[in-house]
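A short write-up of the structure that comes next.
Letters A, B, ... are given to chains in the order of the sequence lines, protein chains preceding strands, and every chain is numbered from 1.
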Amino acid sequence: MTAVFDRDALSEALGQTGQGDRAAFRRVYEATSAKLMGVCLRILSDRQLAEDVMQDIYLTVWNKAASFDPARASPITWLVTIARNRSIDRLRAGGVARNSVPVDAAYDLADDGPSALEQVQLADEAGRLGVCLDELDEKVSRVIRTAFFEGVTYEVLAQREETPLGTMKSWIRRGLLKLRSCLEQ
Amino acid sequence: MTASDHDDRIARAGEYALRVLDPAEEAEARAEAARDPAFGAEVDRWNSRLSQLADGIAPVEPSPGLWPRILAVTGVAANDNAVRFWRRWAIGSTGLLAASLVAVVVMVSRPEPVITTPPAPTASLTRVATLKLDNGAAAMTLVYDSATGELYLAPTSEMEGDTRIPHLWLVMPDNAGVQLVGAIDGHDTSRHNLQGVMVGQATQAIAVAVSMEQPGHTPHADHPDGPVVAQGEFQPL
């Protein structure tokens with residue numbers, strides 16, 4: 001079950017899935033489902049809901065694997081992006097009663113868990129983003145992480161931080177540009 | 001394009017990828033990404049950068065029932081075993097379920113099955129079953145929605161090459177026997193809508209089974225005439 005897949009093997013399996021290869025689809029599922037379930041659960045905080053979204057995600061993977069382009073994205077980026085976006089769509093569509101978990105607590109949880117690398121070898125740059133985020137102002141780094149992990153909008157972030165909406169937008173926009181420069185160094 | 005326009009565009013691609021925009025702004029950015037490949041590529045780059053944050057999320061195993069659900073909605077059934085069981089399957093089955101079916105036939109002497117009206121299901125309850133052969137290979141995935149009576153069947157290619165007609169059976173709890181659902185397509189996915197008492201029976205059934213019947217022959221509703229070749233327990237989702 002815990003097949004270790006490197007980026008090339010996962011790309012290849014996705015490509016085969018795009019050609020209707022059922023065994024390859026199963027390999028993609030086995031290599032990535034725990035990772036994507038973690039992402040869905042992090043955003044939705046409800047196992048049942050997360051599994052409903054997972055069903056949609058893998059239906060999308062099955063239908064769209066042919067459009068996956070390894071030159072444009074790593075396979076795990078492609079999958080994580082689908083998982084995160086689908087979870088956020090569901091969160092916003094359905095008035096999900098979400099128990100907000102402080103970002104710090106989420107980090108403790110993640111740090112104690114098994115390494116994601118046990119299942120899927122993620123982006124080669126993994127870790128670099130964390131370094132660059134830590135170079136940002138602490139509150140800016142915090143709200144970017146919260147936005148990523150909880151799928152909340154500017155408006156919600158502004159309310160939580162008790163900051164005007166315009167200020168929140170400016171924090172994040174400037175933070176993103178700094179992040180980009182840092183990552184491109 | 002000035003340097004600040006350029007930065008603005010990159011930041012907008014970033015906030016779109018991060019999903020912090022309100023619905024109207026998000027729709028606008030989505031439209032831009034669709035019509036402008038350069039903006040779309042910028043969004044891809046942000047997704048690539050931001051997805052690294054997912055490294056900090058601990059993996060969580062989904063429940064074992066998820067994969068059968070995915071198989072059902074994709075119309076794909078697992079087929080890791082290349083051997084076509086229908087060709088090598090000998091007439092008759094020594095499986096436990098087959099034995100219990102024989103016992104049921106002996107016990108139930110009335111030709112028409114006695115059907116007790118079950119309570120109508122009030123909430124949606126999706127049930128799945130993977131019907132397996134004696135050797136453990138999956139023959140079919142079944143998904144049933146008790147709220148709508150909708151039954152979805154996804155056979156594997158294990159069913160190919162047999163001229164007999166597969167029939168689906170419900171195995172009822174408390175030794176209440178079996179109930180014929182009907183002939184099914186053993187080669188392709190199919191949808192059925194159960195009607196009347198069958199809706200409740202499928203909600204109560206503990207397992208499902210497939211028997212192989214001769215073409216043109218319909219068995220009595222309470223016992224198969226051909227061999228029972230595959231079976232699987234119902235699992236709630």
Side-chain angles (χ1 to χ4, degrees), chain A residues 22-23 25-26 29 33-35 37-39 41-42 47 50-51 54-55 58-59 62 72-74 76-77 80-81 84-85 88 92 107 109-114 116 118-119 122-123 125-130 144-145 147-149 151-155 157 169 172-174 176-177 179-180 183, chain B residues 4 6-23 25-26 30 37 40-80 82 126 143 156-157 237:
Chain A
R22 307 161 180 192
F25 183 43
R26 178 154 196 147
Y29 178 82
S33 56
K35 176 81 214 159
M37 181 69 181
V39 172
L41 205 51
R42 184 69 190 81
R47 207 180 156 90
E51 295 208 342
M54 285 283 282
Q55 183 180 309
Y58 282 95
L59 178 59
W62 174 250
R72 278 180 67 181
S74 84
I76 199 66
T77 286
V80 164
T81 303
R84 182 170 173 271
N85 283 335
I88 292 172
R92 293 180 188 174
Y107 263 78
L109 189 73
D111 288 345
D112 291 343
E118 284 173 13
Q119 287 238 333
L122 292 173
E125 294 278 314
R128 180 79 187 132
L129 182 75
I144 289 176
R145 287 177 198 268
F148 183 86
F149 288 113
V152 288
T153 59
Y154 274 138
E155 195 181 350
L157 290 168
K169 287 187 178 181
I172 288 188
R173 288 172 65 89
R174 271 188 291 166
L176 287 172
L177 288 172
L179 206 54
R180 178 173 173 273
L183 285 168
Chain B
S4 89
H6 181 65
D7 278 0
D8 180 67
R9 191 180 160 81
I10 287 168
R12 203 148 40 83
E15 58 192 351
Y16 171 58
L18 191 56
R19 302 285 310 260
V20 285
L21 297 173
D22 69 31
E25 293 166 331
E26 185 163 86
R30 187 179 300 117
E42 201 58 61
V43 173
D44 285 349
R45 281 193 284 277
W46 275 113
N47 281 328
S48 194
R49 293 171 189 132
L50 293 170
S51 67
Q52 293 170 33
L53 276 173
D55 286 352
I57 298 175
V60 179
E61 287 291 341
S63 67
L66 182 60
W67 177 243
R69 283 170 62 187
I70 291 167
L71 286 180
V73 295
T74 51
V76 177
N79 178 27
D80 298 330
T126 306
V143 180
T156 68
S157 55
L237 286 179

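For A73(A), no part sits under 4.5 Å from any heavy atom of chain B, backbone or side chain. Looking at R174(A), there are no atoms closer than 4.5 Å to chain B (heavy atoms on both sides), in backbone or side chain. With a 4.5 angstrom heavy-atom cutoff, A17(B) touches chain A only via backbone atoms. Using a 4.5 Å cut-off between heavy atoms, L176(A) touches chain B through backbone and side chain atoms alike.
Looking only at distances, no side-chain donor or acceptor of R84(A) sits under 3.5 Å from a matching main-chain atom of G151(A). Between the E51(A) side chain and the S63(B) main chain, a donor and an acceptor come within less than 3.5 Å of each other.
Remark: D7(B) does not engage R173(A) in a salt bridge, criterion side-chain N to carboxylate O under 4.0 Å.
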(request) Please step through side chain to side chain contact (heavy atoms under 4.5 Å, CB included) for the pair E25(B) and Y16(B), ending with a clear verdict. (result) CA-CA 8 Å; E25(B) 293 166 331; Y16(B) 171 58; over 6 Å; no

